[in-house]
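Report on the structure given below.
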Amino acid sequence: MNTIHGQDVVRCRLCSNPVEWHCNLCHVDLCLSCTQIHMQNKTKNHEIVEFINRREEHLLPKCNFHNKKRCEMYCKDCSEPTCVLCMISSHQNHEIKEIEEVMKDIKQQVIVDLKELEDIIAPKYNKITCGRLTEDFDNIISNIQDQEDKICKAVHKIGQTLRDKMKEQKRDLEDNNNAMQYMTTEAEKELNEIIHNCRSVLTSVDALAITTYNSRNESFRYRFPEVGPTCPIFSPGMVIEDQIQEMFGEFQGQTSTQSIPKNIIGNPICLNIIKSLYGPDVALWEIACIGTEQFWISGNDRKIHQIDKCGNILETVSVKAANDVSSLSINKQLGLLFVVRWPDTKVYKYESDRVTTFLNLSDWCPRGLCHTVNDNRLVSMRSLDKRRSRIVRYTGTTETQIIENDNHGKPLFSIGERNVLKLADNRNGDICVSDFAGKNVVVVDVCGDLRFKYKGNITKRTNYKPFQPSHIVTNDIQQILVADLPNDIVHIIESDGNFIRYIEYPCRGGMSIDTDCNLVVGEEGTGIIRIIKYIE
């Protein structure tokens with residue numbers, strides 16, 4: 001009696017022959033010849049049945065202290081199977097459960113884990129295909145070459161048009177010169193005759209010849225222009241690389257290396273505590289990292305301070321606007337942009353010890369800003385009448401993209417409010433917006449299309465207050481970190497919106513990521529700044 005499961009023949013445990021019999025007590029599949037060998041072991045009891053009639057039950061482990069006993073119970077305190085004799089001796093007063101019940105619970109967890117592995121985790125790894133990425137890079141390089149060819153073709157066309165125009169003028173000039181040359185030759189002959197006649201009159205004594213002299217100067221005086229033919233002057237225009245770059249195009253998003261994945265550590269570690277100048281009387285609100293050693297910070301004192309890791313003040317900027325700073329952002333050249341609170345309509349720039357107006361938004365109040373990986377500027381804003389909210393991308397001071405409504409024409413962000421709209425650019429090109437009034441995080445792709453909205457962790461904590469996001473940053477592995485203001489903790493979520501974990505440090509006083517990928521958070525009431533290591 002050969003037994004087949006699906007298309008696979010079940011083999012004997014002791015040899016490679018097809019199975020025919022099964023020992024219920026030893027849980028061993030056997031062929032006919034090996035059954036006799038198995039029965040010769042007299043140290044155990046055996047119960048041989050046909051394979052199709054075998055008992056389906058778990059193989060319980062033997063007790064280490066009572067050889068003839070099977071472990072039918074499970075000690076939760078010791079995390080190990082136990083027999084009934086051990087249960088009343090070495091496991092007294094421990095939490096004991098039947099092992100069958102424990103195995104059932106574990107299998108339920110395995111089902112959940114398997115589903116996540118197959119449906120969520122494995123597909124992510126399948127997407128990490130270097131070969132496909134290589135093709136994508138080749139396509140981008142080809143597109144860049146195509147764009148270069150188009151620009152060069154346009155430049156050659158302009159150059160050719162100018163050259164053709166000059167050649168045409170040159171031909172006209174040469175034709176005109178030939179005609180002019182003939183006319184001047186004939187005129188010179190006539191002039192020579194007149195000059196000769198004038199000399200004859202001067203030396204003549206003939207009264208008739210003298211009295212009949214008639215001047216011919218008038219006919220020659222203005223016959224030809226005094227200035228000869230002229231050549232046009234070519235004035236080359238200034239070649240401005242930034243304008244060519246804007247015409248050429250730019251990258252959206254940035255290449256992220258995946259050779260050395262970074263993992264979130266079990267318990268975040270506080271690497272350093274900085275006591276800033278802020279405290280109970282003047283609250284800390286904003287933090288922006290400069291590398292790993294310095295920080296720009298601000299609060300409700302209408303000033304911005306640059307400090308080091310010891311809390312020493314290196315520089316202080318007085319804000320000219322009649323309000324406190326509500327958002328800070330640093331570009332790749334370490335230049336500082338900032339905006340102030342409602343209803344100011346300007347984006348300010350601090351450079352060379354001076355505060356100047358970088359953008360004037362007229363009827364809009366900036367509610368947040370950040371720099372992208374390509375050093376563009378993203379500014380969130382609300383109209384002063386509170387009817388509209390939007391995100392605008394700027395290249396320099398030129399408006400290049402507006403993100404306001406979804407594909408159905410509905411607002412992506414809350415309206416009728418003046419609360420901040422903090423935002424961060426993710427390395428995959430996404431724009432992550434923390435909508436405090438809307439009580440969610442809105443994530444759109446580089447084209448401005450909605451990807452998802454995060455409304456807080458589905459599994460609520462004990463005494464959990466409703467989720468309201470404030471500060472928001474992203475890290476090198478495209479994770480999004482959100483400050484939950486009412487609960488004063490940080491949520492870490494994946495780039496597709498799945499919750500990962502909390503970081504339980506006060507964060508109402510600002511949040512930033514340094515260049516070592518450490519989280520820097522501020523405590524509003526005390527002015528304490530903590531540097532948190534949470535990934536490795």
Side-chain angles (χ1 to χ4, degrees), residues 120 285-286 326-327 329 339 342 364-370 372 378-383 386-393 401-461 463-475 478-504 506-508 510-513 519 521:
I120 299 175
W285 284 346
E286 298 293 328
S326 62
S327 193
S329 185
V339 298
W342 187 279
W364 296 82
C365 175
R367 302 278 63 215
L369 79 161
C370 73
T372 70
L378 293 173
V379 182
S380 63
M381 56 187 77
R382 297 186 189 273
S383 59
K386 302 180 186 177
R387 293 181 179 180
R388 298 170 62 190
S389 301
R390 67 184 188 180
I391 307 296
V392 179
R393 184 189 299 271
Q401 184 184 23
I402 296 176
I403 302 169
E404 185 171 352
N405 299 320
D406 62 17
N407 292 332
H408 303 289
K410 295 182 179 180
L412 285 165
F413 318 107
S414 61
I415 56 176
E417 303 286 347
R418 67 181 193 179
N419 298 95
V420 293
L421 285 170
K422 303 282 189 179
L423 70 165
D425 173 67
N426 210 347
R427 294 176 71 88
N428 62 358
D430 287 351
I431 302 170
C432 311
V433 183
S434 174
D435 191 344
F436 180 84
K439 299 183 179 180
N440 58 34
V441 173
V442 182
V443 177
V444 299
D445 63 20
V446 70
C447 298
D449 295 328
L450 178 66
R451 289 198 61 231
F452 64 86
K453 290 186 178 183
Y454 174 76
K455 301 178 182 294
N457 186 14
I458 297 174
T459 305
K460 306 299 182 184
R461 291 159 49 95
N463 300 322
Y464 187 91
K465 298 176 184 177
F467 174 72
Q468 276 192 291
S470 177
H471 304 284
I472 186 167
V473 293
T474 60
N475 61 22
Q478 302 178 16
Q479 293 169 341
I480 306 167
L481 291 85
V482 187
D484 182 354
L485 202 66
N487 300 288
D488 207 12
I489 58 174
V490 179
H491 297 227
I492 304 180
I493 61 176
E494 294 177 336
S495 60
D496 55 5
N498 293 319
F499 174 82
I500 299 175
R501 67 161 299 157
Y502 295 113
I503 297 180
E504 300 187 45
C507 56
R508 290 176 181 160
M511 188 166 72
S512 185
I513 295 282
L519 176 66
V521 291

Quiz prompt | 4.5 Å side-chain heavy-atom contact, Leu423 and Phe413 | solution = no

Quiz item: Rounded to the nearest 0.5 Å, how far does CG of Leu378 lie from CD of Gln401?
Solution: 8.0 Å

Quiz item: Quick one: does Trp364's side chain get under 4.5 Å of Arg388's, heavy atoms only?
Solution: yes

Quiz item: Taking side chain as C-beta onward, heavy atoms only, is Asn419 less than 4.5 Å from Arg367?
Solution: no

Quiz item: Under 6.0 Å between ring centres, would you say that holds for Phe499 and Tyr502?
Solution: yes

Quiz item: Does CZ belonging to Arg418 count more than 12 external heavy atoms closer than 6.0 Å?
Solution: no

Quiz item: Roughly how far, to the nearest 0.5 Å, is NZ of Lys422 from SG of Cys370?
Solution: 11.0 Å

Exercise. Please list, chain by chain and in numerical order, all residues satisfying side chain to side chain donor-acceptor pair (under 3.5 Å) with Glu494, sequence neighbours excluded.
Key: Lys124, Asn498

Exercise. Measure from NZ or CZ of Arg382 to the centre of the six-membered ring of Trp342, then state whether that distance is under 6.0 Å and the direction lies within 45° of the axis.
Key: no

Practice problem: May I have all residue pairs that pass side-chain hydrogen bond (donor to acceptor under 3.5 Å, both in side chains) and include part of residues 431-448, sequence neighbours excluded? | Solution: Ser414-Asp435

Exercise. Measure across Pro411 and Asn405 and return the closest heavy-atom pair with its distance rounded to 0.1 Å.
Key: CA-OD1, 3.4 Å

Quiz item: Only one of Ile480, Asp496, Ile493, Val433 forms a side chain to side chain contact (heavy atoms under 4.5 Å, CB included) with Val443, so which one is it?
Solution: Ile480

Exercise. Measure the spacing between CD1 of Ile492 and CD of Gln479 and express it to the nearest 0.5 Å.
Key: 6.0 Å

Self-check item: Flag side-chain contact, heavy atom, 4.5 Å: Leu369 against Ser380
Solution: no

Practice problem: Answer whether the closest heavy-atom distance between the side chains of Val446 and Arg393 falls below 4.5 Å. | Solution: yes

Quiz item: Got more than 12 heavy atoms from elsewhere within 6.0 Å of NZ, Lys465?
Solution: no

Quiz item: How far does CG of Leu412 sit from CG of Asn407, to the nearest 0.5 angstrom?
Solution: 8.5 Å

Quiz prompt | Nearest heavy atoms of Ser389 and Leu421, plus distance in Å | solution = CB-CD1, 4.2 Å

Quiz prompt | Distance in Å, Asp430 CG paired with Asp449 CG, rounded so as to fall on 0.5 Å steps | solution = 10.5 Å

Quiz item: Pro486 and Pro466: which non-hydrogen atoms are nearest, and at how many Å?
Solution: CG-O, 3.5 Å

Practice problem: Work out which heavy atom in Asn475 is nearest to a heavy atom in Arg427; give both atom names and the distance. | Solution: O-CD, 3.7 Å

Quiz item: How about Leu481 and Thr474: do any of their side-chain heavy atoms sit closer than 4.5 Å?
Solution: no

Self-check item: Which atom of Glu417 lies closest to which atom of Ala437, heavy atoms considered
Solution: CG-CB, 3.5 Å

Quiz item: Given side chains that start at C-beta, do those of Val442 and Leu450 come closer than 4.5 Å, heavy atoms only?
Solution: yes

Quiz item: Short question: side chain of Asp488, backbone of Arg508 - any donor-acceptor pair under 3.5 Å?
Solution: yes

Quiz prompt | Glu286 side chain to Gly510 backbone, donor-acceptor under 3.5 Å | solution = no

Quiz item: Backbone N or O of Ile489 within a donor-acceptor pair of the Asn487 side chain at under 3.5 Å?
Solution: no

Quiz prompt | Side-chain heavy atoms of Ser495 within contact of Asn426, under 4.5 Å | solution = yes

Exercise. Taking all non-hydrogen atoms of both residues into account, name the closest pair between Pro469 and Val482 and its distance.
Key: CB-CG1, 3.5 Å

